[in-house]
Amino acid sequence: MTNRWKLLKDVQQVAPNMLEAEITVPKDSIWFTGHFPGEPILPGIALVHSVCEAVEKDAQKKGESVTISELKRVRFTGPVRPGETIHLSLASEDGSMRGLVNFKVAVHGQVICTGQVSVTNT
């Protein structure tokens, strides 16, 4: 059975310290339910969830397990509408995708969310 909360299909390592992913948000995504009737906007938690999915999927590809323990400096500056494509970009200081990982989320080339996640091996 497909988990309807997951938006991320795949993540690519584009440099030793950088991951990227693109997600086209389905118009009928469960995330839009009740948020907001007549004016659907993807909740900010869905963006953060996708960032966490990217970190976890990268770790799985490497045969590792990680824990995301903290969010820092998360800012939302624009909406995501049904059917739009979002671009995730994640960067770590040392290339391990551990410690503090900075992220950006963009729609139509405009950054609409930034922040950091704290990642440790489990």
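All residue numbers in this chain count up from 1 along the given sequence.
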Heavy-atom donor-acceptor pair, [X] side chain to [Y] backbone, under 3.5 Å:
X      : Y     : answer
Glu56  : Ala59 : no
Thr122 : Ser65 : yes
Ser50  : Ala46 : yes

Which value, rounded to the nearest 0.5 Å, describes the distance between [X] atom [atom1] and [Y] atom [atom2]?
X      : Y     : atom1 : atom2 : result
Lys104 : Glu20 : NZ    : CD    : 11.0 Å
Glu53  : Ile68 : CD    : CD1   : 9.5 Å
His49  : Leu42 : NE2   : CG    : 10.5 Å
Leu88  : Ile86 : CG    : CD1   : 5.0 Å
Lys62  : Gln60 : NZ    : CD    : 12.5 Å
Thr120 : Arg98 : OG1   : CZ    : 8.5 Å

With a 4.5 Å heavy-atom cut-off, do [X] and [Y] have their side chains touching?
X      : Y      : result
Val55  : Val66  : yes
Pro26  : Leu7   : yes
Val101 : Phe103 : no
Val14  : Leu19  : no
Lys57  : Leu8   : yes

Problem set entry | Sequence-distant partners of Asp28, salt bridge (Lys or Arg N to Asp or Glu O under 4.0 Å), two or more places apart | none

If you look only at distance, which donor and acceptor atoms sit under 3.5 Å apart when one is on a side chain in residues 30-38 and the other is two or more places apart or in another chain?
from, atom 1, to, atom 2, distance (Å)
Trp31, NE1, Trp5, O, 2.7
Thr33, OG1, Ile30, O, 3.0
His35, ND1, Ile41, O, 2.7

Exercise. Does anything in residues 79-92 pair up under side-chain hydrogen bond (donor to acceptor under 3.5 Å, both in side chains), and if so which pairs, sequence neighbours excluded?
Worked result: Thr24-Thr85, Glu39-Arg81, Glu84-His108

For this session: Give the C-alpha distance, both sets of side-chain angles, the deciding distance and a yes or no for side-chain contact (heavy atoms from CB on, under 4.5 Å) between Val105 and Thr114.
Result: CA-CA 6 Å; Val105 182; Thr114 59; over 6 Å; no

Take a 6.0 Å sphere around [atom1] of [X] and say whether it holds more than 12 heavy atoms from other residues, nucleotides or ligands.
X     : atom1 : result
Lys6  : NZ    : no
Lys9  : NZ    : no
Glu93 : CD    : no

Problem set entry | In one Ile/Leu/Val/Met/Phe/Trp/Tyr side-chain cluster, 4.5 Å: Leu71, Ile112 | yes

Exercise. Which is it for Val80 and Leu47 under the side-chain contact (heavy atoms from CB on, under 4.5 Å) test, yes or no, and what are the steps along the way?
Worked result: CA-CA 9 Å; Val80 178; Leu47 298 175; 4.0 Å; yes

Seminar exercise, completed: On a heavy-atom basis, the closest approach of Met97 and Leu90 is CE-O, 3.6 Å

